[in-house]
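Below is one structure; the comments refer to it alone.
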Amino acid sequence: MDRSVISIESMAISFSQSLATRGYYKGSLKHFHPYQSSGVLQINREVIGLVLSGELLVEFSDTQWMIDTGTEFFLPANVYFQATAGERGSHFLFARKRIQLDF
């Protein structure tokens, strides 16, 4: 086995362990069937994610990204977007930014 290849499991563990130090809540796992779409969404907090398998097309009003397996992504707060799985579907982790309270 080629040790330079990182397993999906180790990527998921590393991503999940880094969330708290980066200011994000515990991650959630999501599965989209082939060509399944989220519909148009708007979130009020930043989101980071990691595609574990398949691919995910994320579309904004002025741009789109095709995110492949093993790639981390960032979604800014208060922006409309739509996520759609590719022909093999998609498994991905995502986490929302913690709210910072200023006292």
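Only this structure's heavy atoms are used, side chains among them; waters, hydrogens and symmetry mates stay out. Residues take their numbers from the sequence shown, with the count starting at 1. Predicted, not measured: the structure shown is a model, and the values here were computed from it.
Under the 30°/60° scheme for interplanar angles, the aromatic rings of Phe73 and Phe92 are found to stand perpendicular.
There is no path of hydrophobic side-chain contacts, each under 4.5 Å, that joins Tyr80 to Ile67. Note: the hydrophobic cluster containing Leu56 does not contain Tyr35 (ILVMFWY, side chain heavy atoms under 4.5 Å, direct or indirect links). By the rule that hydrophobic residues join a cluster once side-chain heavy atoms approach within less than 4.5 Å of another member, Phe81 and Val51 end up as members of one cluster. A continuous path of hydrophobic side-chain contacts links Ile48 to Leu52 [ILVMFWY only; heavy atoms under 4.5 Å].
Atom NZ of Lys30 is separated from atom CD of Gln36 by 6.5 Å, given to the nearest 0.5 angstrom. Atom CE of Met11 sits about 5.5 Å away from atom CG of Leu50, to the nearest 0.5 Å. Distance check: Thr84 OG1 to Glu55 CD gives 11.0 Å after rounding to the nearest 0.5 Å. Taken from CD1 in Ile8 to CD1 in Ile13, the straight-line distance is 12.0 Å, to the nearest 0.5 Å. Rounding to the nearest 0.5 Å gives a distance of 16.0 Å between CZ of Arg88 and CZ of Phe32. To the nearest 0.5 Å, the span separating CZ on Phe94 from CZ on Arg96 amounts to 5.0 Å.
Enclosure of atom CD in Gln42 by more than 12 non-hydrogen atoms of other residues, nucleotides or ligands within 6.0 angstrom is indicated.
Listed for the Thr63 side chain is no donor-acceptor partner under 3.5 Å among the backbone atoms of Phe60. Side chain of Ser53 to main chain of Ser90: no donor-acceptor pair is present (N/O by atom type, distance under 3.5 Å, no hydrogens or angles). With Lys97 contributing its side chain and Asn44 its backbone, the two residues share no donor-acceptor pair below 3.5 Å. The backbone N or O of Ser18 sits less than 3.5 Å from a side-chain atom of Thr21, completing a donor-acceptor pair.
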